[in-house]
Asks: 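Sharing a structure, written as structure tokens. Questions coming.
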Amino acid sequence: MNSWDEYVNPAVRDIPPSGIRRFFDLAAEMKGVISLGVGEPDFVTPWRIREACIYALEKGYTMYTSNSGLKELREEISRYLNRAFHLRYDAETEILITVGVSEALDLALRALVAPGEEVLIPEPTYVSYIPCTILTGGVPVTLRTTMDNGFRITADQVEKAVTPKSKVLLLAYPNNPTGAVLPRAELEDIAAVVVERDLVVISDEIYAQLTYDGEHVSIARLPGMRERTVVLQGFSKAFAMTGWRLGYAAGSEAFIGAMTKIHQYTMLCAPITAQMAAMEALKNGLQEMRQMVRQYNYRRRLVINAFKEMGLPCFEPGGAFYAFPSVRETGLGSEEFCQRLLLEERVAVVPGTAFGPGGEGFIRCSYAASVSNLTEAFKRMAGFLKRLKKTGAAVSPQGALHSAR
Ligand code: PLP
């Protein structure tokens, strides 16, 4: 037998492993590391949600559900989307429960993209979008965003990137890794191009509840956009339920039907116990969710101030739980900065390059960590920066670190 590499589908073989995981495997082997790395709430799932799962098991809920998921949960989701985001979807035909937003994303791309068709993706980008597009045979086309434009794509950028092969615009706001949000007026401009160029939108709104200034506006809410958008949402981030693996997609009946076809042959259904727990989250867990969001907002301010004091220019994130400061002025590349910070100070953050070439010169720090861990991590980081400045070895030609603007 030849090496397995020769049997593995070349499309799979050529995909690099996630830049986040690679880094964290290294950190996991070290002692005393404070991790601001993985995008995961530090909170345990609120007790009432865990309890609902325990009751479900006690009552013997151990079987498959319908492919689309428990009807009662779809009804809860339908009511919740309406109340929280002014989105109206029919529980019977327009909502599909999935194994995390991860599965929903994969289903949406596979249901839409034929080989050679193009998917427009803002970059820096969440690590899954490009690999999942490639696995469909589609072609990812990245739209570079920068700190100067608030890491927001523009209608003009979309317009310029469209070719006869373009099919999907993948929107992800609030954004991972930058924390950027897209205000309504800019969404409206983008929506106009989407309609004119006959694109469809996959809108990953997993961080919708973690919007700190004003309300989250889904592109699906704008005129003409409901029928050409599939909204992805989930429980991982807002309800601190990453390990439960539960998400959902909401869109027009025909499109949700197409996604359900793939789902029924590959996943069958999401776990029933997680679905029972999610029902409790939406029925009675909103208060706890809002408390967690308030905590993230408090930490967000702490993090922005800490970077200011350290002299690292940092775009003010409006959502999610990430800060994306520039480390360019240290003279170190993102990878080297993160490696040295980990080895010398035992603080793990993610190099911006894990999110595409546009992330060079940046690092991603999650503030879904306790205040004491954040405080200690920033103390260590400040020490590291001071040392860099003193030795001068790593200071950029433009000069030493200076105060953030
Ligand atoms: N989409 C984005 C933007 C994310 O950041 C993540 C997780 O980090 C996911 C999707 C995956 O979420 P889930 O746990 O629901 O699969």
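Only heavy atoms go into these numbers, but all of them, side chains included; no hydrogens, no water, no symmetry mates. When a ligand or atom number is given, it counts from 1 through the structure's own listing order.
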Asks: Does the side chain of H263 pick up a donor-acceptor pair with the side chain of E103 at under 3.5 Å?
Replies: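 Indeed, the side chains of H263 and E103 share at least one donor-acceptor pair under 3.5 Å.
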Asks: For atom 12 (O) of ligand 1, find the nearest protein heavy atom and state the residue, atom name and distance (0.1 Å precision).
Replies: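 The closest heavy atom on the protein side is I206 CD1, 3.2 Å.
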Asks: Is the shortest distance from a heavy atom of R245 to ligand 1 less than 4.0 Å?
Replies: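 The answer is yes, since R245 has a heavy atom less than 4.0 Å from ligand 1.
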Asks: Determine whether the side chain, the backbone, both or neither of Y129 has a heavy atom under 4.0 Å from any heavy atom of ligand 1.
Replies: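 Only the side chain of Y129 comes within reach of ligand 1.
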Asks: Measure from the side-chain N and O atoms of R110 to the backbone N and O of T136, and report whether any donor-acceptor pair falls under 3.5 Å.
Replies: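 Here the side-chain-to-backbone pair does not exist.
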Asks: Who's the nearest protein heavy-atom neighbour of atom 16 (O) of ligand 1, and how far?
Replies: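 Answer for atom 16 (O) of ligand 1: S102 OG, 2.5 Å.
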Asks: Which residue supplies the protein heavy atom nearest to atom 8 (O) of ligand 1, what is that atom called, and how far is it?
Replies: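 The closest one turns out to be K237 NZ, 2.5 Å.
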Asks: Does G319 offer a backbone N or O that forms a donor-acceptor pair with the side chain of T211 under 3.5 Å?
Replies: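 Here the side-chain-to-backbone pair does not exist.
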Asks: Is a donor on one side and an acceptor on the other found under 3.5 Å between the side chain of Q264 and the backbone of N67?
Replies: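 No; judged by distance alone, with no hydrogens or angles, the pair does not exist.
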Asks: Please write down residue, atom name and distance for the protein heavy atom closest to atom 1 (N) of ligand 1.
Replies: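 Protein heavy atom with the smallest distance to atom 1 (N) of ligand 1: D204 OD2, 2.6 Å.
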Asks: Identify, for atom 15 (O) of ligand 1, the protein heavy atom at the shortest distance, and state residue, atom and that distance.
Replies: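 Looking at atom 15 (O) of ligand 1, the protein heavy atom closest to it is V101 N, 2.7 Å.
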Asks: Check for a donor-acceptor pair, side chain of Q275 on one end and backbone N or O of A270 on the other, with a separation under 3.5 Å.
Replies: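 It does hold such a pair.
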Asks: Taking 4.0 angstrom as the limit, do E345 and K379 come out as a salt bridge?
Replies: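 No salt bridge links E345 with K379.
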Asks: Yes or no: does G234 have any heavy atom under 4.0 Å from an atom of ligand 1?
Replies: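 Contact absent.
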Asks: Determine yes or no for a side-chain-to-main-chain donor-acceptor pair under 3.5 angstrom, with S68 supplying the side chain and L96 the backbone.
Replies: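 No; judged by distance alone, with no hydrogens or angles, the pair does not exist.
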Asks: For atom 9 (C) of ligand 1, grab the closest protein heavy atom and report residue, atom and distance to one decimal in Å.
Replies: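 Going by distance alone, atom 9 (C) of ligand 1 is nearest to Y126 OH, 3.3 Å.
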Asks: Which protein non-hydrogen atom lies closest to atom 14 (O) of ligand 1, naming both residue and atom, and how far is it?
Replies: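 Checked against all protein heavy atoms, atom 14 (O) of ligand 1 sits closest to S236 OG, 2.6 Å.
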Asks: Salt bridge check, E94 against R226: does any charged N sit closer than 4.0 Å to a carboxylate O?
Replies: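 Judged by the 4.0 Å cut-off on N to carboxylate O distance, R226 and E94 do form a salt bridge.
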Asks: Heavy-atom contact check, 4.0 Å cutoff: does Y207 meet ligand 1?
Replies: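 Judged by the 4.0 Å heavy-atom criterion, Y207 does count as contacting ligand 1.
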Asks: For ligand 1, which atoms have a heavy atom of G100 less than 4.0 angstrom away?
Replies: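 Reading through ligand 1 atom by atom, the close ones are 15 (O), 16 (O).
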